[in-house]
Each structure stands twice: as structure tokens, then as C-alpha cells.
Amino acid sequence: MSRWMGKMKALIMLGFVAIVLSACGKENLTALDPKGYGAEQAMDIMILSIIIMVAVFIIVMLVFTIALVKFREKKGQEDYIPKQVEGNHTLEIVWTGIPIILVLVLAVPTVISVFDLADTTDASSSLNVEVTGNQYWWHFNYEGEEIQTSQDLYIPVGEKVYLDIQASDVIHSFWVPTISGKMDANPENVNTMYIEAYEEGVYWGKCAELCGPSHSLMDFKIVAVSPEEFDAWVEDMKNVDPEQTPQNAVATEGQELFEANNCMACHAIGSSPVATGPNLTNYANRTKIAGILEPTTENLVDWLLDPETIKPGNKMTGNYPSLSEEEANSIAEYLMQLDHSDVTPESAGN
Ligand SMILES: [Cu+2]
């Protein structure tokens with residue numbers, strides 16, 4: 001009796017933990033509430049496979065219970081041997097045929113969806129973005145637009161956006177669960193996929209391929225805005241003045257330090273294709289600092305002073321002279337004034 005009680009308690013605890021953990025997802029980092037075409041396709045297939053699995057479970061449990069009750073040993077049957085059904089062709093056909101049918105029911109929509117999502121027939125008339133995964137950040141080059149950005153990928157809602165995905169160093173994987181499925185970013189070839197967001201918003205992206213010590217911190221965002229806002233953003237980004245005059249003395253000093261410390265060797269402001277480090281255009285409107293910290297001047301100072309602690313293995317560590325707190329503060333002040341567009345993540349409804 002007590003053994004059963006112990007098992008029941010363990011089961012109840014497991015159920016409780018499952019319920020609690022099921023609420024741990026983030027609204028814009030979930031495949032279970034799709035807001036884009038690819039994610040919707042994946043969700044439909046997930047629902048279909050869960051229905052099949054639940055149906056199989058229920059039927060197997062029913063047959064199991066019936067067998068357990070109906071064919072249990074009765075009094076006087078101690079030496080009774082039931083009818084042997086080994087080699088029964090009907091049974092063998094049934095239990096081979098049913099799994100094949102179930103696999104086909106799952107495979108057909110999956111294969112159709114895979115081909116649909118790989119279809120690039122209208123790529124030439126759509127927005128194309130070259131996506132490059134780097135340890136541990138993402139670069140976006142809007143093809144034919146002379147716009148380079150990093151970390152935040154602005155897209156118009158309701159339109160297909162084609163992505164040419166590659167990597168500069170090791171294999172990464174581009175994944176925005178609420179909008180689309182995953183696509184590997186390889187150093188040796190370009191993989192193409194398209195994404196389409198249905199609703200305005202900021203959607204969290206993750207690197208989905210182990211790529212080094214800061215793999216789990218290789219976050220980025222898709223900022224989906226209305227087509228009108230997107231056009232305005234494109235105009236703003238095309239007209240960026242890389243030498244934009246800072247608004248106060250501290251930021252002016254920051255701009256001088258930025259140049260004196262040769263930050264431009266790796267970073268760019270404007271449409272320069274330099275992409276050794278993240279492009280810093282429109283930095284004031286970034287959703288995060290280094291992909292993971294809240295966008296405050298204090299966090300940027302912390303990042304500039306000790307990037308290694310925040311993102312181990314990043315390529316910024318050791319690539320510039322160590323800064324005093326005052327110098328880091330000036331540079332942070334300068335970067336946080338790089339506001340090149342009125343279209344911001346907040347205007348995307350977040
Ligand atoms: Cu990665």
C-alpha cells in the first residue's frame with residue numbers, strides 16, 4: 001500500500017512541476033504562440049503529431065487494460081496455457097500497417113511544409129537580407145539598400161523577407177521561434193529561407209547551434225514594424241551621417257576617444273561594410289547591449305570595461321587599450337546618442 005502511495009506522490013509532484021515549468025516561456029520567445037508563417041507551419045505539425053501520439057497512447061492503454069482484466073489468471077487456471085497466436089498474419093499486417101500509415105500522415109504535411117519554406121521563387125521581387133552569424137553576434141546587410149545593421153533585424157509585417165544565411169567563423173543557427181524555424185549558418189555555404197511576421201512586435205532570436213563559451217548569450221531580435229514604418233526606417237538608415245555631432249561635451253569626448261582607440265577598425269557607423277565587429281548605426285535604439293543587457297548607459301559602461309566577464313570568449317576582449325571608468329562613460333554617452341531613426345522597437349508595440 002505504502003509503495004503505491006509513494007509512487008502516486010511522485011506522479012503528483014511530477015505533474016505539478018510540469019504545470020509550473022510550462023509557464024516559464026517568454027511571450028516573444030516561444031514556438032507555441034506563432035506570430036509568423038514558418039512558426040505557424042511548425043505549430044500545425046506539432047499539434048498533428050501530439051494528436052497522433054495521444055491517440056496511440058489511449059488505444060494502447062485501452063488494449064493493455066482489457067488484456068489485463070479479461071485474461072488474468074482465474075481460479076483453477078494455474079496450469080492453463082492460452083491460445084498461441086504466434087505467426088498470425090492478420091495481426092502482423094495490422095501492427096505493421098498502422099505505424100506506416102501514421103508515419104505517412106506525419107510525413108506528407110512535413111515534407112510539403114519543408115519544400116514550401118525553401119521556395120525562393122519570389123525572392124528577386126522581395127526584400128533580401130544577408131545574415132551573418134559571428135561569435136557571438138549577428139550582422140544584417142540589406143541587399144541593394146546600402147544598409148548594414150547588427151543584432152536588431154527590422155522587417156515589415158505581412159511581407160516575405162528572404163534571408164541568405166551564412167557564418168564568418170564556426171557553425172551557428174538562426175532561430176526566432178515565434179516567427180520561423182531554424183536555419184544553420186555555415187562558414188562554407190549560403191542557406192536561404194524566408195520569414196514573414198504577422199504582427200508588429202519585437203521577437204527574440206537565439207543561436208541554436210553550440211558555437212563556443214558564449215553560445216547561449218548569442219541573442220538577437222527581429223523588430224517587425226508596419227510597412228510604412230519600415231519604409232521610413234529604410235530612408236533614415238540610408239541617410240545616416242557617420243560623423244553626426246554629439247549633443248554634449250561628454251559625448252564629444254566619447255567620439256574622440258572612439259576614434260583615438262581605433263574602435264572603427266572593427267566597428268562601423270553607417271553603411272560601411274566593415275563587419276569584424278557589430279555595426280553600431282542607430283545604437284541608441286538597440287533592444288539590448290551586447291545582445292543580452294538592458295539598454296542603459298551603465299550597462300554599456302560595464303560592457304566596455306569588462307566584456308570578457310559578460311560574454312566569455314568574445315573578440316572585443318583585449319582588442320583595445322583598457323579604459324578608465326571616465327573614458328568608458330564618455331564612449332557610452334556617445335554611442336547612446338547614435339539615434340538615427342524615429343522608428344524604434346517601442347514603436348513596434350513593445
Ligand atoms: Cu552561435
Side-chain angles (χ1 to χ4, degrees), residues 120 122-134 137-166 168 174 176 179 190 192-197 200-203 205 220-247 251-252 254-255 258-259 263-289 291 295 334-350:
T120 55
D122 34 325
S124 56
S125 56
S126 305
L127 175 65
N128 287 255
V129 182
E130 207 179 87
V131 176
T132 310
N134 308 274
W137 56 281
W138 295 87
H139 185 79
F140 307 113
N141 172 22
Y142 289 71
E143 292 169 39
E145 296 281 11
E146 300 220 338
I147 296 174
Q148 313 266 342
T149 66
S150 294
Q151 299 296 82
D152 291 352
L153 173 64
Y154 281 70
I155 61 165
V157 289
E159 286 178 28
K160 279 183 181 175
V161 179
Y162 285 85
L163 307 177
D164 292 325
I165 300 172
Q166 57 195 320
S168 70
F174 180 94
V176 188
I179 300 294
V190 176
T192 303
M193 75 185 291
Y194 67 83
I195 53 171
E196 183 183 342
E200 290 177 35
V202 177
Y203 302 99
F220 63 102
K221 306 284 179 292
I222 282 187
V223 183
V225 294
S226 68
E228 300 75 40
E229 276 190 307
F230 182 73
D231 290 344
W233 180 82
V234 166
E235 267 320 295
D236 292 340
M237 295 298 281
K238 275 175 159 177
N239 294 304
V240 168
D241 173 13
E243 297 294 320
Q244 187 191 48
T245 316
Q247 292 156 20
T252 307
Q255 187 181 35
F258 188 78
E259 279 159 23
C263 302
M264 298 292 252
C266 298
H267 298 281
I269 296 165
S271 62
S272 161
V274 172
T276 320
N279 183 297
L280 302 176
T281 313
N282 206 22
Y283 195 82
N285 289 323
R286 282 274 187 86
T287 48
K288 297 279 178 184
I289 304 282
Y334 164 62
L335 293 174
M336 292 306 260
Q337 285 185 10
L338 295 176
D339 177 4
H340 296 118
S341 179
D342 293 334
V343 180
T344 63
E346 287 73 34
S347 67
N350 281 262

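Values in this document were obtained by computation on a predicted structure and should not be read as measured data.
Taking every heavy atom of both residues into account, Thr281 and Gly270 meet most closely at OG1-N, 2.7 Å.
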Verdict with reasoning, Glu196 to Val161, per side-chain contact (heavy atoms from CB on, under 4.5 Å): CA-CA 6 Å; Glu196 183 183 342; Val161 179; over 6 Å; no
Intermediate values then yes/no, side-chain contact (heavy atoms from CB on, under 4.5 Å), Gln166 and Val131: CA-CA 6 Å; Gln166 57 195 320; Val131 176; over 6 Å; no
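The side-chain heavy atoms of Lys221 and Leu153, taken from C-beta on, include no pair separated by under 4.5 Å. Annotation: side chain of Val157 is in contact with side chain of Pro227 (closest heavy-atom distance under 4.5 Å). You'll find the side chain of Ile269 reaches within 4.5 Å of the side chain of Phe258, heavy atoms only. In this structure, the side chains of Asn141 and Val129 stay at 4.5 Å or more apart for every pair of heavy atoms.
Atom CD1 of residue Ile155 and atom CD1 of residue Ile179 lie 6.0 Å apart, to the nearest 0.5 angstrom. The SG atom of Cys263 lies 11.5 Å from the CD atom of Gln255; values are rounded to the nearest 0.5 Å. Rounding to the nearest 0.5 angstrom, the gap separating the CG atom in Asp342 from the CD atom in Glu235 is 13.0 Å. For the atom pair CG (Leu127) and CD1 (Ile195), the distance works out to 9.0 Å, reported to the nearest 0.5 Å. Interatomic distance, Thr149 OG1 to Phe140 CZ, rounded to the nearest 0.5 Å: 6.0 Å. How far OH of Tyr142 is from CD of Glu130: 12.5 Å, rounded to the nearest 0.5 Å.
Checked by atom type and distance alone, the side chain of Arg286 pairs as donor or acceptor with a backbone atom of Ser150 at under 3.5 Å. Judged by distance alone, the side chain of His267 and the main-chain N or O of Pro278 form a donor-acceptor pair under 3.5 Å. Remark: the backbone N or O of Ala123 is not paired with any side-chain donor or acceptor of Thr120 at under 3.5 angstrom. Between the Asp164 side chain and the Tyr162 main chain, no donor and acceptor come within less than 3.5 Å of each other. Remark: side-chain polar atoms of Asn128 are paired, donor with acceptor, to backbone N or O of Ser126 under 3.5 angstrom.
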Name every donor-acceptor pair, under 3.5 Å, that has one atom in a side chain of residues 334-341 and the other anywhere in the protein, sequence neighbours excluded.
unit_1	atom_1	unit_2	atom_2	d
Gln337	OE1	Gln247	N	2.7
Asp339	OD1	Asn285	ND2	3.1
His340	ND1	Asn282	N	2.8
Ser341	OG	Asp236	OD2	2.8
Ser341	OG	Val343	N	3.0

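Qualifying salt bridge (charged side-chain N to carboxylate O under 4.0 Å, His left out) partners for Asp122, counting only residues two or more places apart in sequence or in other chains: Lys160. With sequence neighbours excluded, the residues forming a salt bridge (charged side-chain N to carboxylate O under 4.0 Å, His left out) with Glu145 are Lys238, listed by chain and number. Checked against ring pair (Phe, Tyr, Trp, His ring centres under 6.0 Å), Trp138 has the following partners two or more places apart in sequence or in another chain: Phe174, Phe220. By the ring pair (Phe, Tyr, Trp, His ring centres under 6.0 Å) test, Tyr154 pairs with Trp233, sequence neighbours left out.
Under the side chain to side chain contact (heavy atoms under 4.5 Å, CB included) rule, Asp152 has a single partner from Val202, Thr344, Val223, which is Val223.
In this structure, Gln244 places its CD atom where more than 12 heavy-atom neighbours from other residues, nucleotides or ligands lie under 6.0 Å away.
Pairs of residues two or more places apart, or lying in two chains, never qualify as salt bridge (charged side-chain N to carboxylate O under 4.0 Å, His left out) while including a residue from residues 266-283.
A donor and an acceptor atom, one from each side chain of Asn279 and Gln148, are nowhere located under 3.5 Å apart.
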